[in-house]
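Everything below concerns the one structure shown next.
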Amino acid sequence: MGFLDIRNATKSYGAVEVLHQVDIAVEEGEFLVLVGPSGCGKSTLLNMIAGLEDITSGEIAIKGNVVNGVHPSKRNIAMVFQSYALYPNMTVAQNITFGLEMHGVPKADRDTAMQEVAKLLQIEQLLSRKPGQLSGGQRQRVAMGRALVRDPDVFLFDEPLSNLDAKLRVDMRTEIKKLHQKLGTTIVYVTHDQIEAMTLSTRIAVMNGGYVQQLGTPKEIYDNPANLFVASFMGSPSMNLVPVTVRAEANAIYAVTTTESNGEIKLAFPEPTPALKAYDGQQITLGIRPEAITDPDGADRKSTHVETLRAQVEVTEPAGSDTFVTCHLGGTECIARMRADADVAPGQVFDFAVNMEKAVPFDPRSENRIF
């Protein structure tokens, strides 16, 4: 049992079920991020936790108490919205303390709590201003302050950074991370941005089509995606997905594919599982992250299973600290991630180093990972 339990929760609008048997246990102090494309059900799930949407079936419990049908004001949760939802005619101080005032908290206690939160968020100098006088980042801090001041059991964030410019979004992401590390609060955070999900969370629920596709730590989600959707959605650039044929030779299992410049190539799987051996002679999809395809000098020195393949370089994209290189494997465009000073040029036939310890096989029919 978790601090926040979502047990086989479904949501239907009429005959249409939009959320399908979601089952997640969130521990106290955990930072859970719900991530997925628009329309995947993540905001609907957040609204069900908040009590803004009714649950069709299943249960949601906070600290062991089932909250199905409990009014949002009685759930001891606090929500930070994408739109900030600040009262324009109130000062920052009044916005932060309004909820406490509605709950009958004495003014002296309200003021003490407000000063503590304002200091924590570094907005003491803004307390007498109104929202119209604030930048987007400042408004977001005020919205967070209004949530923090209530000391709730669970914080809910609904795409809080999506209205900010790129630099400010990165800055606020860091502030939210530091805040969570300092306070140890329980947070459920919705975003469509997989970079936000990877950097902020202690665990991620990747959603699509109303289903939780995978639930795990950022490392688990990134290194071992459960299916092709998770593999392609998480990561920037996304995982390369190459059609290959499984071939057993002697005591080894190979992924066999082709390059336009060098014909057939074989990449040996390290310690292939019985499940993978069962695909001998069949086509599968091989997932390889861009950083697992690099130049020989930049290959992971700790890996004992680095394979070499020759392929023609089509495009190079310098990106400051890295150079992204495009080539073709099995008729599919692949992106390799190399050092900034890698000696590689378009048109060159190049020896790429592939770290097969990082390769993930998928069944192209079920789209699930082959364990």
Side-chain angles (χ1 to χ4, degrees), residues 38 42-54 62 67 70-180 182-183 185-193 196 200:
S38 297
K42 56 189 185 296
S43 289
T44 299
L45 179 57
L46 195 79
N47 288 335
M48 287 163 60
I49 298 169
L52 302 177
E53 293 265 11
D54 293 330
I62 300 174
V67 295
V70 175
H71 192 271
S73 64
K74 306 295 184 183
R75 297 191 179 199
N76 197 27
I77 53 95
M79 195 160 182
V80 179
F81 297 91
Q82 177 181 350
S83 61
Y84 315 133
L86 301 176
Y87 297 106
N89 60 324
M90 293 184 181
T91 64
V92 166
Q94 291 168 334
N95 265 285
I96 289 174
T97 58
F98 182 71
L100 296 179
E101 186 177 354
M102 292 298 98
H103 281 82
V105 176
K107 187 176 185 308
D109 293 341
R110 297 199 308 263
D111 289 344
T112 298
M114 177 195 63
Q115 292 295 338
E116 290 175 354
V117 167
K119 183 177 181 181
L120 182 67
L121 295 171
Q122 300 177 352
I123 55 173
E124 298 127 302
Q125 74 281 10
L126 306 178
L127 292 175
S128 60
R129 297 186 192 177
K130 292 188 175 179
Q133 300 171 293
L134 306 178
S135 67
Q138 290 170 333
R139 291 180 195 178
Q140 191 55 270
R141 286 175 186 268
V142 175
M144 289 167 57
R146 183 179 53 191
L148 286 168
V149 78
R150 291 181 49 202
D151 192 25
D153 291 326
V154 181
F155 288 92
L156 306 178
F157 287 79
D158 189 8
E159 303 210 34
L161 308 183
S162 59
N163 288 336
L164 305 179
D165 63 57
K167 184 181 184 306
L168 191 53
R169 197 157 58 238
V170 172
D171 292 343
M172 286 301 298
R173 199 167 68 207
T174 303
E175 291 302 315
I176 292 172
K177 181 97 173 181
K178 288 195 295 188
L179 204 60
H180 177 253
K182 184 172 184 177
L183 301 178
T185 50
T186 305
I187 295 175
V188 181
Y189 186 107
V190 161
T191 183
H192 63 273
D193 185 330
E196 269 182 43
L200 285 173

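When reading the values below, keep in mind they use all heavy atoms of this one structure, side chains included, and skip hydrogens, waters and symmetry mates.
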Rounded to the nearest 0.5 Å, what separates atom [atom1] in [X] from atom [atom2] in [Y]?
{"X": "L156", "Y": "F81", "atom1": "CG", "atom2": "CZ", "answer": "9.0 Å"}
{"X": "T112", "Y": "K107", "atom1": "OG1", "atom2": "NZ", "answer": "9.5 Å"}
{"X": "E175", "Y": "L168", "atom1": "CD", "atom2": "CG", "answer": "10.0 Å"}

Just wondering, do [Y] and [X] contact through their side chains at under 4.5 Å, heavy atoms?
{"X": "L127", "Y": "T91", "answer": "no"}
{"X": "L120", "Y": "L183", "answer": "yes"}
{"X": "I62", "Y": "I77", "answer": "yes"}
{"X": "V67", "Y": "M48", "answer": "no"}
{"X": "L161", "Y": "Q82", "answer": "no"}
{"X": "M172", "Y": "M144", "answer": "yes"}
{"X": "R146", "Y": "F98", "answer": "no"}
{"X": "Q94", "Y": "Y87", "answer": "no"}

Where the side chain of [X] meets the backbone of [Y], is there a donor-acceptor pair that is under 3.5 Å apart?
{"X": "D109", "Y": "V105", "value": "no"}
{"X": "R173", "Y": "L200", "value": "no"}
{"X": "R75", "Y": "I49", "value": "yes"}

*Considering residues, nucleotides and ligands other than D54, do more than 12 of their heavy atoms fall under 6.0 Å from its CG?*
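No, not enclosed.
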
message: Within the supplied structure, the quantity of interest is the number of heavy atoms (other residues, nucleotides, ligands) at a distance under 6.0 Å from Q133 CD; does it exceed 12?
response: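 Enclosed: over 12 neighbouring heavy atoms sit under 6.0 Å from CD of Q133.
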
Exercise: identify the closest heavy-atom pair between [X] and [Y]:
{"X": "V80", "Y": "A147", "result": "CG2-CB, 3.8 Å"}
{"X": "L100", "Y": "A113", "result": "CD1-CB, 4.2 Å"}
{"X": "M79", "Y": "A50", "result": "SD-CB, 3.9 Å"}
{"X": "R169", "Y": "L164", "result": "NH1-O, 2.8 Å"}
{"X": "A93", "Y": "M114", "result": "CB-SD, 3.3 Å"}
{"X": "K42", "Y": "H192", "result": "CE-N, 3.9 Å"}

_Checking side-chain polar atoms at under 3.5 Å, does E196 have a donor or acceptor matched by the opposite partner on Y189?_
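The criterion, which ignores hydrogens and geometry beyond distance, is satisfied for Y189 and E196.
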
| said: Whether the T191 and E159 side chains hold a donor-acceptor pair (N or O, under 3.5 Å, no angle test) is what I'd like checked. | reply: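 T191 vs E159: no donor-acceptor pair found between side chains.
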
Practice prompt. Please test L126 against Q138 for side chain to side chain contact (heavy atoms under 4.5 Å, CB included), starting from the C-alpha separation and ending with a verdict.
Written response: CA-CA 8 Å; L126 306 178; Q138 290 170 333; 3.8 Å; yes

Residue pairs meeting salt bridge (charged side-chain N to carboxylate O under 4.0 Å, His left out), one or both in residues 149-158, sequence neighbours left out, come to K63-D153

request  = Could you go through the side chain to side chain contact (heavy atoms under 4.5 Å, CB included) check for I123 and I96 one step at a time?
outcome  = CA-CA 11 Å; I123 55 173; I96 289 174; 3.9 Å; yes

- [ ] With L179 as reference, evaluate I187, T185, L121 under the side chain to side chain contact (heavy atoms under 4.5 Å, CB included) test and give the passing residue.
- [x]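 When I187, T185, L121 are each tested with L179, the side chain to side chain contact (heavy atoms under 4.5 Å, CB included) holds only for L121.
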
